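From a predicted model like this one, the values you see are computed outputs, not experimental measurements. The sequence lines fix the lettering, A, B, ..., with proteins before strands; numbering per chain opens at 1. The basis for the numbers below is simple: all heavy atoms, side chains too, and nothing from hydrogens, waters or symmetry mates.
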Amino acid sequence: MTDETMFLKFKDEVETVLADAFDSTEYSADDLRIEESAHADLASSLSFGLASTYRQNPATIANRIADAIIIPADSLIGDVQVAGAYINFFVSKKFLECTIRETFGAKESYGAGHREGRVIIEHTSANPNGPLHVGHIRNSVIGDTLARILKKAGYEVEVQYYVNDMGRQVAIVAWALDRFEFDGGKKTDHAIADVYIRANQELGEDPDLVCEIDSMMQEIELGDEGMIDRFSRVTLLAIDGITTTLARMNVHHDQFVHESQFVRNGDVASLLQELDHRGLVEMIDGALTVPMPEFDKDLVVRRSDQTSLYVTRDLAYHRWKAERCDSMIDVLGADHKLISSQLCHVLAAYGVMEPKIVIFEFVSLPEGSMSTRAGKFISADELLDQIEKQALQEVTKRRPDADAGFRDRVAREVGVGAVRYDIVKVSPEKATTFDWESALDFDKLGAPFIQYSHARACSIIRKAPHVPELAEIDLSLLMSDAEIAFVKQLARFSFVIDTAATELKPHIVAIYARELAESFNQFYRLSPVLTAPDELLRDARIGLVECARVALSNVLDVLGIAAPESM
RNA sequence: GGGCUCGUGGCUUAGCCAGGAUAUAGCGCCGGCCUUCUAAGCCGGACGUCCCGGGUUCGAAUCCCGGCGAGUCCGCCA
């Protein structure tokens, strides 16, 4: 119970006093119907439900229950009020003071939860046939933010990139490298895309060439050394470029797992054998197949030419992962919905832990869907270049006298932050369309607003004559509406993290970050800090600004966005 | 054709799974606020059949059924 956040402790107390109130009334209910509310810190609508059972007016019931509520001394509940049929609960002064105490000086531990367990999260895992485009990075941003949220919540997290180094498209690139010139002057992943696109054109024009790819696939499956080298070369070049792009965006993986390892170490063969032993597979038209009437689509796990498929290797990968963690998360594009359900279905039949699948819908271009193969995409590098260029203009406009190094650094931090925030703020099930105008519109991008609030807090702290110790601060002075509202927002932080970690919804942290910054800006407007009427009040407010700095830098960090001290 | 997802002011979007009190926020629009801690800010205003039609309920943006529209999947590709 001591591990719980201030907000959850408050909720516990509300539940307790409400349940206790039943003892002295005629009422009882299983569901207390406690919810967050715009009208109170927590509210209960349970009298609506009791109205029909007891044949009384809900407002009457609410009043009787509220009258029976006894708030213990030293409670986190400050007040209970009835509004219509609602019973509204408000936090106490103690709640506010404890929140400030917990936040002040908390540094990077702020908001940390106490969840336990080892989680492997897989994200991005784009095929090594070109650079990341603006659709792939939705995967990266969601995955990386989720990883940060899970770490904050207390889990031990390992982030993996599953490298599809045996697939058909790698074969195509390897084949293409023998026929077309590789542009050594370009970033490697972009140069790979060039030959891949050209190869696909050629293969489309002359379908007879496809058998060359097929035979390459057979050789790699059989472990032909020369072919392994050719495939590895492609994979390395592409992944090298991809990780450079990811690093630009503050996205990092702990491990790159190559699917080929599961073929070479025999895991795929043993998996197929095991599926056979358990009677899960049938031979259909020479291909080893898991019948799946429930999906209206059978799952082929070995081609008639004996080669394995992506899903076969993926099954082996998941079996391997399952032994190394307590929970797995896969971040996948909507096109993987069916295949990932089928994968889970096989794992379940096999008795292997299933991954939790986080699906995000597609990012398309105004002219239609993106395709690496057809060369129809906007690369992440291109977007980052443009947004940093735009950000530099914005910084220069506002800080014309600052030196170039400062402006470049802020432009980078603001640019990357803008891209990340713009992606993560939208819930994953929403399909989006990329367009340059809105992607580069700094008036509508959310991250700079939050970063600016943090910089503002830093600026005030910098100018403060001295930053008081917690013990020096008279917390009872921070009781204006804006101050109270802000402290309540501070108290929500770990609750928001925990909810986001449990529901695997990074966007709720993005929304909270904006609300936190908004709330701090209100305080800034209404409560002069450095020019406060007296020193005690000034120090108390500096203390609150310090809390803002801690909270904002932490929430930005969870979002993978830099928190500049000045901008 | 079947499966899955989405449909909220001009545009983008929260809330929907666990139904409740005036539907969230941003952009854009209109009007204010810098000799005052960073105006990448703040305040005020206009703008809504929560896609449509039924149903369940004291109560539906939220749940159920049926439509309509958009996206996506339905390869021995990944």
Exercise: do His336(A) and Asp330(A) side chains pair donor with acceptor under 3.5 Å:
no

Calculate the interatomic distance between Arg514(A) atom CZ and rA40(B) atom P; express it in whole Å.
19 Å

Using both distances under 3.5 Å as the test, list the Watson-Crick or G-U wobble partner of rA60(B), or none.
none

Can you tell me if Arg398(A) touches the phosphate of rA40(B), counting only side-chain N or O atoms and a distance under 4.0 Å to OP1 or OP2?
yes

Base, sugar-phosphate or nothing for Ser527(A)? Non-hydrogen atoms, less than 4.0 Å.
base

Under 4.0 angstrom between Gln342(A) side-chain N/O and rC73(B) OP1 or OP2:
no

Considering every strand and a 4.0 Å limit on heavy-atom distances, what is the contact class for Lys297(A): base, sugar-phosphate, or nothing?
sugar-phosphate

Quick one: is rC37(B) close enough that its OP1 or OP2 comes under 4.0 Å of any side-chain N or O from Arg541(A)?
no

CA sep, side-chain torsions, deciding dist, call: Asp276(A), Arg302(A), salt bridge (charged side-chain N to carboxylate O under 4.0 Å, His left out):
CA-CA 12 Å; Asp276(A) 193 23; Arg302(A) 191 180 65 205; over 6 Å; no

Does a side-chain N or O of Lys463(A) approach OP1 or OP2 of rU38(B) to a distance below 4.0 Å, or not?
yes

Base rC76(B) paired with Ser304(A) side chain (donor-acceptor, <3.5 Å)
yes

Applying a 4.0 Å non-hydrogen cut-off, can you work out what Asp314(A) is touching in the nucleic acid: base, sugar-phosphate, or nothing?
nothing

Glu212(A) and Trp175(A) side chains, donor-acceptor separation under 3.5 Å
yes

Is a side-chain donor-acceptor pair under 3.5 Å present for Gln451(A) with Tyr421(A)?
no

How would you label the contact of Asn88(A) with the nucleic acid (heavy atoms, under 4.0 Å): base, sugar-phosphate, or nothing?
base

Of the nucleotides rA39(B), rU72(B), rU5(B), which one has an atom closest to the side chain of Tyr524(A)?
rA39(B)

Of the listed nucleotides (rG41(B), rA40(B), rU72(B)), which one gets closest to any side-chain atom of Val414(A)?
rA40(B)

Would Tyr27(A) and Leu46(A) count as a side chain to side chain contact (heavy atoms under 4.5 Å, CB included) if you check the C-alpha gap in whole Å, the side-chain angles of each, and the deciding distance to 0.1 Å?
CA-CA 11 Å; Tyr27(A) 310 110; Leu46(A) 88 170; over 6 Å; no

Side-chain-base donor-acceptor pair under 3.5 Å for Glu361(A) and rA70(B)
no

So, is the end of the Arg456(A) side chain (NZ or CZ) under 6.0 Å from the ring centre of Tyr524(A) and within 45° of the ring's axis?
yes

Has Ser427(A) got a side-chain N or O lying under 4.0 Å from the OP1 or OP2 atom of rA14(B)?
yes

Out of rA40(B), rG28(B), rA14(B), whichever nucleotide has its closest atom nearest the side chain of Val426(A)
rA14(B)

For rU5(B), give its Watson-Crick or G-U wobble partner with both distances under 3.5 Å, or none.
rA70(B)

Taking only N and O in the side chain of Ser453(A), is any of them less than 4.0 Å away from OP1 or OP2 of rG41(B)?
no

I want to verify a distance call: between rC6(B), rC77(B), rC37(B), whose nearest atom is closest to the Glu429(A) side chain?
rC6(B)

With hydrogens left out and only the distance checked, is there a donor-acceptor pair under 3.5 Å joining Ser37(A)'s side chain and the base of rA21(B)?
yes

Any side-chain N or O of Arg456(A) below 4.0 angstrom from OP1/OP2 of rA39(B)?
yes

Phosphate oxygens OP1/OP2 of rU12(B): is one of them under 4.0 Å from a side-chain N or O of His507(A)?
no

Name the pairing partner of rG44(B), where a pair is Watson-Crick or G-U wobble with both distances under 3.5 Å, or state none.
rC30(B)

Select base, sugar-phosphate, or nothing to describe what Val170(A) touches, counting heavy atoms under 4.0 Å on all strands.
nothing

Classify the side chain of His454(A) and the base of rU38(B) as holding, or not holding, a donor-acceptor pair under 3.5 Å.
no

Is any side-chain nitrogen or oxygen of Asn521(A) closer than 4.0 Å to OP1 or OP2 of rC42(B)?
yes

Give one of base, sugar-phosphate or nothing for Glu565(A), where a contact means two heavy atoms less than 4.0 Å apart.
base

Would you say Arg64(A) and Ser47(A) are linked by a side-chain donor-acceptor pair, where the criterion is simply a distance under 3.5 Å?
no

Any Lys430(A) side-chain nitrogen or oxygen under 4.0 Å from OP1 or OP2 of rG7(B):
yes

